[in-house]
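Encoded as C-alpha cells, the structure appears first; notes follow it.
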Amino acid sequence: MLAAVCLAFLCVAGAAFAETPMGYPWLTWGEGTQTIGNPDTERGFKLDAYFEQGIDWTRIGETDWIFNTFLGLRGTISDHKSDYWNNKVGPWAGIKLKHPLKVSENSWGDMAIGLRGEYYDYFGGSRRSVKNDIRVVGFLQWSLGGDWKKK
C-alpha cells in the first residue's frame with residue numbers, strides 16, 4: 001500500500017513539471033563488511049544492497065540542476081540478528097535536486113540534495129515485532145550510475 005501511494009505521488013509530482021521525462025537514471029550500491037574490534041558496535045558480517053530507479057523531469061531554470069523523483073529498495077542482512085540495523089528490507093521513495101558531474105565519456109555521476117521516505121520490515125531476530133518503522137530523511141548524496149534513456 002505504501003509503495004503504491006509513493007508511486008502515485010511521484011508520478012503526479014513529476015507530471016506537473018514535464019510531459020516527457022529527460023531521462024531514467026538508475027543507481028545501485030552494495031557492500032559486504034566484517035567488523036573487527038569493539039564487540040559492542042555493529043559486529044559480525046553484514047551485507048547491504050540498494051537499487052534506485054529515478055525519473056529526471058526537468059532542468060531548474062537555466063542551471064544544470066535537475067528535478068528528480070525516485071523509488072528504491074534497500075536490504076541488510078548479517079550474522080548478528082539481534083542488532084537494530086540488521087535483517088531489514090524496505091522501499092524508499094523521494095524527490096531530489098541533482099547537479100551532474102561529468103566523470104568520463106561513458107559514465108556519469110551527480111551530487112544531489114533531497115528528501116526521502118523510508119519504510120522497513122524486519123525479518124528474524126528481536127526486531128520482528130516492529131511493524132511500522134517509517135521515517136523521513138533529508139540527504140546530501142553523490143553517486144555514479146547510468147540512464148536507460150540515453151544511448
Side-chain angles (χ1 to χ4, degrees), residues 1-38 41-78 80 83-123 127 130 132-151:
M1 177 65 179
L2 177 66
V5 169
C6 291
L7 181 58
F9 165 77
L10 295 175
C11 289
V12 169
F17 287 97
E19 291 182 16
T20 303
M22 294 172 53
Y24 303 101
W26 59 270
L27 66 92
T28 185
W29 60 260
E31 69 178 2
T33 59
Q34 175 68 43
T35 303
I36 300 170
N38 186 350
T41 59
E42 297 179 5
R43 55 195 174 276
F45 176 76
K46 181 170 73 168
L47 180 63
D48 284 302
Y50 177 70
F51 175 79
E52 176 182 301
Q53 179 62 60
I55 301 175
D56 286 345
W57 292 102
T58 189
R59 288 198 189 285
I60 306 302
E62 298 296 320
T63 69
D64 286 338
W65 288 94
I66 298 168
F67 176 75
N68 173 281
T69 57
F70 64 89
L71 291 175
L73 183 65
R74 178 174 183 196
T76 302
I77 59 172
S78 85
H80 204 274
D83 284 343
Y84 71 94
W85 45 264
N86 182 60
N87 293 344
K88 62 185 177 185
V89 64
W92 288 4
I95 60 173
K96 60 185 170 184
L97 294 177
K98 306 183 335 177
H99 190 280
L101 302 172
K102 188 68 173 170
V103 178
S104 72
E105 290 297 319
N106 297 321
S107 66
W108 63 266
D110 60 53
M111 294 291 293
I113 186 168
L115 290 173
R116 70 174 177 254
E118 300 178 1
Y119 168 83
Y120 289 109
D121 188 20
Y122 293 82
F123 51 93
R127 293 292 301 220
V130 176
N132 292 316
D133 192 358
I134 299 172
R135 61 191 79 147
V136 174
V137 177
F139 64 90
L140 176 62
Q141 171 189 55
W142 65 92
S143 60
L144 299 176
D147 189 323
W148 298 116
K149 190 171 181 178
K150 294 180 182 174
K151 296 178 182 178

Are E52 and K96 close enough, and set up right, to give a salt bridge (charged side-chain N to carboxylate O under 4.0 Å, His left out), and what steps lead you there? CA-CA 13 Å; E52 176 182 301; K96 60 185 170 184; 2.8 Å; yes
Side-chain contact, heavy-atom cut-off 4.5 Å: W57 with N68? no
Any non-hydrogen side-chain atom of F67 less than 4.5 Å from a side-chain atom of M22? no
Give the minimum heavy-atom separation between [X] and [Y], together with the two atoms involved.
X	Y	answer
K46	S78	CA-CB, 3.8 Å
W29	L27	CD1-CD1, 4.3 Å
H99	D64	NE2-CB, 3.7 Å

Y24/I55 under side-chain contact (heavy atoms from CB on, under 4.5 Å): CA gap, chis, key distance, verdict: CA-CA 5 Å; Y24 303 101; I55 301 175; 4.1 Å; yes
For the atom pair [atom1] ([X]) and [atom2] ([Y]), what is the distance rounded to the nearest 0.5 Å?
X	Y	atom1	atom2	answer
L115	L97	CG	CG	10.0 Å
L71	W92	CG	CH2	12.5 Å
M111	Q141	CE	CD	9.0 Å
T76	Y50	OG1	OH	12.5 Å
I95	F70	CD1	CZ	8.5 Å

Mind checking side chain to side chain contact (heavy atoms under 4.5 Å, CB included) for L47 and listing every partner two or more places apart, or none if nothing turns up? F45, I77
Residues which pass side chain to side chain contact (heavy atoms under 4.5 Å, CB included) with E31, listed by chain and number, not counting sequence neighbours: T33, D48
